[in-house]
Structure formats: structure tokens, C-alpha cells
Amino acid sequence: MPTILGQNQYGKAENRVVKITRDGDTHHIKDLNVSVALSGDMEDVHYSGSNANCLPTDTTKNTVYAFAKEYGIESAEQFGIHLARHFVTSQEPIKRARIRIEEYAWDRIATSDNNSKFIGSDEVNHSFVRKGQELRITQITFDGENWEVISGLKDLTVMNSTNSEFWGYVKDRYTTLKEAYDRILCTDVSAAWRYSWSNDADRMPNWEKSYAQAKKHILEAFAETYSLSLQQTLYQMGSRVINSRSEIDEIRFSLPNNHHFLVDLEPFGLKNDNEVYFAADRPYGLIEATILRDGVEPKIPVDMTNL
């Protein structure tokens, strides 16, 4: 039976690029992990091995580093847009470029007032510590006419030590979970949101501000929601982002329920008044959902690992 070629793409994955911007004695860091995937007229390279339409993946790697110098890295989104536009417009066989970027954040290290023997502490603006919080992500797709930008974060661990309940659920003969009227709610937030911007004729969002504000609204909604379920909290987080940020049309969450179980201290003659917990890392409940602006069609993949 004859075969035909289906969907295909190629590129250089996980190009780590660190850009230092020196503003006098004050330095700034952008630390990215960039993956390039290109697709288009690539039948011949698969059928016959002809590389006539094939831009080497090593060239895509080199382009990442060259663009870091030529254009700088204002934001992960802007850097990805420069790359995607370049590959589609400079290579006729390339019809679609997808750029995925993870950004590793750094904080400036605060120095003491007068403890430095050799340099004034007010002059130390070049020392950083890697943030232990979330990983920022973005995916830029360009087909020569239309853009799709999906950004987000993952591994943002949050906890409410109270103001969370879980009761009134369905019970059958396998149910052993006790109803909880005061529990810990903890999760590792993975979120991806899609921007309404899709055309060069439209005004581009302020990517840095938008990311910071989306994260802010996610955290505020988590903290301010009296939760009767993690699903309820998820919906409030997504609604807060959509209602507060006009440039975002869709947001999808994947939230593991990081269970904390009260430890039975009665064998030791001690009462556990919601004080001592066992933090279980698995198995865990996994709550996932998409929140949309009314009238918008969903486009973020249901399986967020495909981003």
C-alpha cells in the first residue's frame, strides 16, 4: 500500500541564549531557551533526500544568537516574533514558523549598606540570583500573514492555609475521603493564555506589562477566593485575567491538587488542631479547564504539554 507524507517540521530545539545588557555599571539579564520549528515545502527532503529546500538546523541556531545581538531581547514574545518573521520571509520554501521560548528569571542581589571593602554597595548592580518561582513560556506561530501568540507560565507554586473546603461530593462504596471544612489548598499553576493580536496592522500588546499583570491577577484571585473546590478557584483566576486584560481572549489552566493530609497524632496523646500535615506529592488530583471571552473560539491545545 502506498504511503504519503503527513505533517512535518524541523528545526533546532533548546538553544540556550543569555543576553547581558550593560547600562553603564547597571546590567540586565535575559535568559532564554529557544526552540525553532519550520514547515513548508519539505516533501523532497523526505522522499528523495534532496536538501535543496532545507535550511540547516545549525543555521537556525546561529540565527538565534545573531538576533540576540542585532535586535536585543526586549521580551520573549518580541524576540520570537523577530525570529518567526525572519524565517518565513527570508526562505521561500518555509511557509510556517513556530518559536517556543522558556524564560528563566533572575533577581538582582541586594547588597548591604557598608560591608563592602573594595566597592561601594550602591555600585553593585551586576550580581543576580536565579528566581525559584515560575518559568515563563511563550509560543509564536507565523504563516506569513497571521500571528498566534500564546504565553504563560508553569511551576508557580501557591498555597492557601485556610479558606478552602471540600464537601458535598458524590460518594459510593469506594469513597473513603472525609469531608473537609477547613483545608490547605496548594497547587503548581501552569497557565497558557492567547492574545487577540494576530495581524501586523493592529497594535501590538506590551508583552512585559501584560505578563506581569496576568500573573498578578492569577495570584490575587487565588488569594481572594474562598474556595469550595479547586475548580471554583481555577474559574475565578481565569475570569479575573480575561476581565482585566483586554488583550487576552483565552486562558487555560492545568492545576494539580497538591494534597495535604492531617497527620493522626492521637497515638502520641496529641491533638492535631489543623496544624500538622503530611504533604503528598502523588497521586494528585489534576484540574484543567479553559476560560474564554464570550464569543471567542478556543484555540489553546487541550493537552498543554503540546505547547
Side-chain angles (χ1 to χ4, degrees), residues 3-19 30-104 135-155 190-195 197-200 204-205 207 211 250 252 254 298-307:
T3 62
I4 60 172
L5 179 67
Q7 191 280 337
N8 62 91
Q9 60 192 33
Y10 80 104
K12 189 72 83 176
E14 300 204 42
N15 303 283
R16 284 298 304 274
V17 55
V18 176
K19 176 66 166 65
K30 282 290 186 179
D31 185 351
L32 306 183
N33 188 22
V34 182
S35 294
V36 177
L38 308 176
S39 56
D41 297 333
M42 294 295 156
E43 289 80 6
D44 286 348
V45 69
H46 290 87
Y47 290 143
S48 68
S50 170
N51 293 313
N53 288 348
C54 188
L55 183 73
T57 64
D58 190 68
T59 303
T60 68
K61 175 204 69 178
N62 293 340
T63 305
V64 169
Y65 294 112
F67 273 36
K69 169 62 178 177
E70 289 185 61
Y71 295 100
I73 302 176
E74 176 185 318
S75 67
E77 288 85 356
Q78 188 64 60
F79 190 62
I81 288 168
H82 281 310
L83 288 168
R85 190 191 306 276
H86 166 78
F87 290 124
V88 172
T89 59
S90 68
Q91 302 294 324
E92 196 277 332
I94 302 300
K95 306 302 182 185
R96 183 175 184 269
R98 188 198 68 197
I99 312 296
R100 289 177 174 169
I101 299 177
E102 298 174 332
E103 179 174 346
Y104 306 94
L135 188 65
R136 179 174 171 177
I137 58 175
T138 192
Q139 173 178 291
I140 294 92
T141 305
F142 182 52
D143 63 5
E145 294 183 6
N146 297 309
W147 296 92
E148 181 184 75
V149 179
I150 299 175
S151 296
L153 54 83
K154 59 183 179 179
D155 300 328
S190 290
W193 52 83
R194 181 172 58 84
Y195 288 97
W197 180 78
S198 62
N199 191 286
D200 282 320
M204 196 178 296
W207 305 112
Y211 176 84
E250 174 187 7
R252 181 164 180 83
S254 181
K299 295 183 180 180
I300 297 176
V302 170
D303 183 357
M304 289 173 55
T305 60
N306 287 333
L307 283 180

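All values below were derived from every heavy atom in this structure, side-chain atoms included, with hydrogens, water molecules and symmetry-related copies excluded.
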| query | Atom OH of Tyr65 and atom OG1 of Thr60: how far apart are they, to the nearest 0.5 Å? | reply | 10.5 Å
| How far does CG of Leu153 sit from CD1 of Ile137, to the nearest 0.5 angstrom? | 7.0 Å
| query | Can you tell me how far the CG atom of Leu83 sits from the CG atom of Asn15, to the nearest 0.5 Å? | reply | 9.5 Å
| task | Taking all non-hydrogen atoms of both residues into account, name the closest pair between Glu103 and Leu135 and its distance. | result | O-CD1, 3.4 Å
| request: Carefully, step by step, assess Asn199 and Trp147 under the rule side-chain contact (heavy atoms from CB on, under 4.5 Å). | output: CA-CA 6 Å; Asn199 191 286; Trp147 296 92; 5.9 Å; no
| field | Pairs satisfying salt bridge (Lys or Arg N to Asp or Glu O under 4.0 Å), at least one member in residues 71-85, at least two apart | value | Glu77-Arg136, Arg85-Asp200
| query | Does the side-chain contact (heavy atoms from CB on, under 4.5 Å) test come out yes or no for Val17 and Lys30, once each step is laid out? | reply | CA-CA 8 Å; Val17 55; Lys30 282 290 186 179; over 6 Å; no
| note | dist Trp193:CH2 -> Ile300:CD1 (nearest 0.5 Å) comes out at 10.0 Å
| query | Step by step, would you call Gln78 with Ile73 a side-chain contact (heavy atoms from CB on, under 4.5 Å)? | reply | CA-CA 7 Å; Gln78 188 64 60; Ile73 302 176; over 6 Å; no
| note | Rounded to the nearest 0.5 angstrom, the OG1-NZ distance for Thr63 and Lys12 is 11.5 Å
| field | Shortest non-hydrogen contact from Phe79 toward Ala68 | value | CE1-N, 3.5 Å
| Given Phe142, Phe87, Tyr71, the one that forms ring-ring contact (aromatic ring centres under 6.0 Å, His included) with His82 | Tyr71
| said: If the threshold is 4.0 Å, N to carboxylate O, is there a salt bridge linking Glu148 and Arg194? | reply: no
| message | Quick one: does any side-chain atom of Asn51 pair with a main-chain N or O of Cys54 as donor and acceptor, under 3.5 Å? | response | no
| field | For Lys19 against Lys69, the heavy-atom pair lying closest together | value | CE-CA, 4.5 Å
| said: Are there over 12 heavy-atom neighbours, none belonging to Glu145, within less than 6.0 Å of that residue's CD? | reply: no
Under 3.5 Å, which donor-acceptor pairs link side chains of residues 32-47 to any protein atom two or more places apart or in another chain?
{"residue": "Asn33", "atom": "ND2", "partner": "Glu14", "partner atom": "OE1", "Å": "3.2"}
{"residue": "Asn33", "atom": "ND2", "partner": "Glu102", "partner atom": "OE1", "Å": "3.2"}
{"residue": "Ser35", "atom": "OG", "partner": "Glu14", "partner atom": "N", "Å": "2.8"}
{"residue": "His46", "atom": "ND1", "partner": "Met42", "partner atom": "O", "Å": "2.7"}
{"residue": "Tyr47", "atom": "OH", "partner": "Leu5", "partner atom": "N", "Å": "3.0"}

| request: Could you tell me whether the side chain of Arg96 and the main chain of Thr141 form a donor-acceptor pair under 3.5 Å? | output: no
| Does the ring center of Tyr195 lie less than 6.0 Å from the ring center of Trp207? | yes
| request: Please report the shortest heavy-atom distance between Ile140 and Ala84, naming the atom on each side. | output: CG2-CB, 4.1 Å
| query | Testing Ile99, Ile81, Ile150, Val149 for side chain to side chain contact (heavy atoms under 4.5 Å, CB included) with Thr138, which one passes? | reply | Val149
| query | Rounded to the nearest 0.5 Å, what separation is found between the OG atom of Ser198 and the NZ atom of Lys299? | reply | 7.0 Å
| Residue pair Tyr10 / Thr57: nearest heavy atoms and the distance that separates them | CD1-CG2, 3.6 Å
| request: Indicate whether any N or O donor in one side chain lies under 3.5 Å from an N or O acceptor in the other, for Lys154 and Ser190. | output: no
